[in-house]
Amino acid sequence: MFRIIKKSLTTGVVTGRYPEPTAPVPHLTDEAKEKAAPFGNSLTIREVDTGSCNACEMEMNALANAVYDLERFGIHIAASPRHADALVVTGPVTANMERALKDVHKSAPDPKLVIALGDCAIDCGAFKGSYAVTGPVDRHIPVDVKIPGCPPRPAEILAALRALMGGAR
Amino acid sequence: MNDADAVAQQIVKVFEHQIAGVGRVQDIPVVRVAKEAIPTVAHYIHSTAEFRGTLSLQWAVDLRPMEARSQIYYLFSLAERGAWLIVLTELADGDRGFPSITPRIHAAKWYEREIRDLFGLIPEGHPDLRRLVRHEHWPKGTHPLKKDFAWDHVMGRQQGEYHFRRIEGEGVFEVPVGPIHAGIIEPGHFRFSVAGEPIMQLELRHFWTHRGVEKLFENLTLADGVSLAEKVSGDTSFGHGLAYCEAVERLMDVAIPPRARYLRTLFLELERIHNHIGDVGAICNDAAYALALAHGGRIKERVMQLNDRLTGSRFLRGVNVVGGSAIDLSPAQIDEVVREMDAIDKDFGELSAIVFGNASLTDRLESTGTLSEQTAWDHGVMGVVGRASNIDRDVRRDRPFAAYQDLVFRVPVFTYGDVRARMRIRIEEVKESINLIRQVRERAPAGDIRAPIPAPPDAGRWALSAVEGWRGEILYYVMAGENGAIHRCKVRDPSFVNWPAIQFAVLGNIIPDFPLINKSFNLSYAGTDL
């Protein structure tokens with residue numbers, strides 16, 4: 001018990017200890033801002049991997065650690081698309097995942113935002129043209145926000161999400 | 001039996017009439033065998049006491065347009081540490097069948113199904129010929145790694161259903177999970193059959209993220225394949241990049257400058273450290289001990305920010321190049337790394353003490369998800385999962401690459417094979433990795449970091465490399481094509497081998513413990529699916 005308390009005391013607060021993002025915040029269309037408006041300061045996200053190499057997943061997971069702590073901005077990760085306001089989609093859409101992506105999109109309640117995270121989700125990246133890939137995310141479902149990077153750093157993802165939510169205020 | 005030639009000679013002695021020839025590539029003996037003799041030769045290598053060969057990799061190559069035939073390779077890791085033996089058979093053009101070795105060697109099960117899907121070559125006598133990589137909607141006759149299949153072919157869609165193995169009886173029901181999961185993880189499908197709480201059977205249905213990586217390699221040249229290798233499995237970006245470079249460097253006979261060898265060691269260990277620390281936290285979290293996740297995630301982030309400061313990439317991408325390293329570290333930077341490692345050694349040491357001091361957590365981790373040594377050996381399991389089940393294999397020690405030849409480290413091995421053993425392996429390995437980084441500072445010589453790349457090798461030459469990534473042994477087989485192109489690149493992430501083993505580790509456990517067991521394996525979906 002004392003060991004745990006001592007560890008917490010000596011560690012201190014680490015939230016916010018990360019370098020400011022250097023990449024510009026991605027451009028947000030007026031439609032995207034308008035769609036985000038009803039969610040106000042609370043956004044629930046469902047992450048969907050449609051063929052990513054898992055680097056984007058690692059950075060999404062990093063957002064939940066004590067350093068980035070995305071919950072402090074009112075952003076939650078939902079376990080089911082049925083609870084989601086926004087879908088974050090990573091990876092090129094593979095032939096095997098195409099059906100699952102469309103199902104998830106249908107399951108999420110309207111209004112919903114779709115965020116394409118990472119270069120692969122935006123234009124298939126290194127996998128463009130492959131027989132096993134059926135195109136970027138916006139070929140299958142409408143995409144509202146694109147966050148580029150391979151993978152984008154957690155600070156960059158957070159800045160983009162905050163800009164999206166800030167547009168609502 | 002440490003002389004490679006002696007190994008080959010013994011095989012020839014036993015199977016004299018069935019051996020078509022004996023050769024040697026790098027230091028690996030290659031025995032050519034008529035296809036009918038494959039099952040007996042493979043079984044002999046697998047079961048004879050002095051060989052005790054584990055099937056480490058099985059793959060096919062379509063030699064067209066160079067020659068109109070296909071080859072099937074079997075790579076065995078022998079009982080003698082680090083000794084390899086390749087058995088090779090050739091199929092004439094139009095010959096679509098080869099005898100399956102799966103009835104005698106479990107480890108071949110997925111490899112042979114993969115060869116069937118990607119090359120259309122049929123493993124005759126295989127007990128399970130359902131599709132593996134190709135999901136049921138792929139049209140019949142789609143075999144993407146055949147040379148007459150275009151890389152950008154647009155596939156049609158057909159109807160079809162995958163038939164899971166079913167257990168029937170009173171009170172038995174199925175629980176389907178996935179491909180989309182509750183957490184932020186990759187897609188995969190798990191089909192549980194349970195009666196009451198305990199799991200009676202688990203069947204995996206993977207390959208949702210199949211992106212055609214091996215076919216895409218064939219569009220690239222030997223020198224520029226690294227960036228694709230880094231995207232095979234993001235969490236092992238450096239390990240895969242390194243394994244690719246090592247294979248190509250062997251193929252081209254490039255000698256890497258000593259400083260680059262040390263830099264590669266340092267970065268590979270950094271990758272191991274951030275993944276292992278993150279995993280220790282995540283394993284505890286799946287037993288509802290969130291405090292360890294908070295600290296683990298924090299320390300992991302610390303290492304990833306260090307990666308970013310050193311190389312401009314949190315995943316160490318862009319560091320590996322064929323011929324050495326693209327990035328050099330100044331003495332001040334290496335001092336910074338060691339300072340961080342000293343701090344993390346203390347920080348993580350305190351976290352381990354907290355984790356080990358918690359009796360109720362230990363109760364959850366002990367005897368959960370036990371993988372027996374026999375099952376692990378039968379399936380060729382290695383890496384973290386293998387070492388927790390007493391499979392004492394580590395490429396860094398057994399077939400040293402980068403600078404491991406010059407460094408001193410211990411390979412932790414446990415016998416229990418449960419979740420706690422897999423967690424303890426990680427905790428021990430972090431300590432060893434930190435020590436390795438300290439040794440790199442003391443020993444790394446000054447000098448060049450990149451060797452010039454020579455003229456491309458002859459078409460048809462090939463090389464094989466092994467790198468101990470944080471999950472385990474990563475294998476790359478690269479065959480050169482015309483003018484420095486890649487004719488074939490076979491990628492083997494340790495996950496591909498360890499996935500089937502999880503089906504045995506969960507038996508008798510309850511479904512709510514599955515996430516915990518799965519996390520203790522922490523296998524890559526992207527690295528398996530390719």
Side-chain angles (χ1 to χ4, degrees), chain A residues 3-4 6-8 10-11 14 17-19 45-68 77-81 88 91-92 94-101 103-104 107 120 124-134 150-151 153-154, chain B residues 135 137-138 142 144 149-155 157 179-187 207-213 215-216 227-228 230-235 237 278 282 291 293-298 300-302 304-305 308-309 314-315 317 347 350-351 353-354 357 524-527 529:
Chain A
R3 214 185 255 154
I4 295 172
K6 187 181 159 209
K7 183 79 186 145
S8 298
T10 51
T11 304
V14 297
R17 280 203 210 160
Y18 54 85
I45 287 173
R46 170 68 249 175
E47 205 264 359
V48 185
D49 173 347
T50 57
S52 125
C53 69
N54 79 28
C56 288
E57 276 61 45
M58 261 175 85
E59 297 300 49
M60 281 298 290
N61 274 319
L63 281 178
N65 69 26
V67 178
Y68 298 99
I77 309 284
S80 162
V88 170
T94 62
N96 292 349
M97 277 304 285
E98 183 186 324
R99 184 70 55 84
L101 172 67
D103 286 349
V104 163
S107 316
C120 293
C124 298
F127 307 103
K128 196 186 290 179
S130 162
Y131 66 90
V133 166
T134 60
C150 187
R153 292 179 175 82
Chain B
H135 280 197
H137 61 79
W138 290 37
T142 310
F149 185 94
W151 73 277
D152 54 356
H153 175 87
V154 179
M155 282 200 298
R157 244 186 135 83
I180 306 224
H181 300 274
I184 303 180
I185 53 171
E186 301 170 75
F207 300 90
W208 301 87
T209 67
H210 178 73
R211 294 152 289 167
V213 169
K215 190 77 177 179
L216 289 170
S227 70
L228 184 58
E230 288 176 339
K231 294 181 185 87
V232 168
S233 180
D235 49 19
S237 294
L291 179 93
L293 176 69
H295 283 298
R298 171 181 63 79
K300 175 183 182 170
E301 177 63 27
R302 205 169 160 174
M304 294 196 76
Q305 288 187 11
D308 202 0
R309 287 200 297 279
R314 288 163 58 88
F315 292 82
R317 285 181 172 172
D347 200 349
E350 289 167 2
L351 175 61
I354 290 173
S524 168
Y525 301 68
D529 301 352

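Quick note on labels: first sequence line is chain A, next is B, and so on, each numbered from 1. Values below: every heavy atom of this structure, side chains too, minus hydrogens, waters and symmetry copies.
- Using a cutoff of 4.0 Å between basic side-chain nitrogens and carboxylate oxygens, B/R314 and A/E59 are scored as salt-bridged.
- Residue A/N54 is tested with B/I185, B/D235, B/V232 for a side chain to side chain contact (heavy atoms under 4.5 Å, CB included); the sole match is B/D235.
- In terms of heavy atoms, B/L228 sits closest to A/A126 at CD1-CB, 4.2 Å.
- The heavy-atom pair separating B/G212 from A/A132 by the smallest distance is N-CB, 3.9 Å.
- In this structure, the side chains of A/S130 and B/K215 stay at 4.5 Å or more apart for every pair of heavy atoms.
- B/R211 approaches A/P92 most closely through the heavy-atom pair CG-CG, 4.4 Å.
- Contact annotation for B/A282: neither backbone nor side-chain heavy atoms come within less than 4.5 Å of a heavy atom of chain A.
- Between B/H210 and A/Y131, a ring centre-to-centre spacing shorter than 6.0 Å is recorded.
- Side chain of A/R46 to main chain of B/A182: a donor-acceptor pair is present (N/O by atom type, distance under 3.5 Å, no hydrogens or angles).
- Looking only at distances, a side-chain donor or acceptor of A/T94 sits under 3.5 Å from a matching main-chain atom of B/W208.
- Contacts of A/R17 classified as side-chain contact (heavy atoms from CB on, under 4.5 Å), with partners at least two apart in sequence or in another chain: A/V14.
- Checked by atom type and distance alone, the side chain of A/K7 pairs as donor or acceptor with a backbone atom of B/D347 at under 3.5 Å.
- Partners of B/D529 according to the side chain to side chain donor-acceptor pair (under 3.5 Å) rule, which considers only residues two or more places apart in sequence or in another chain, are B/T209.
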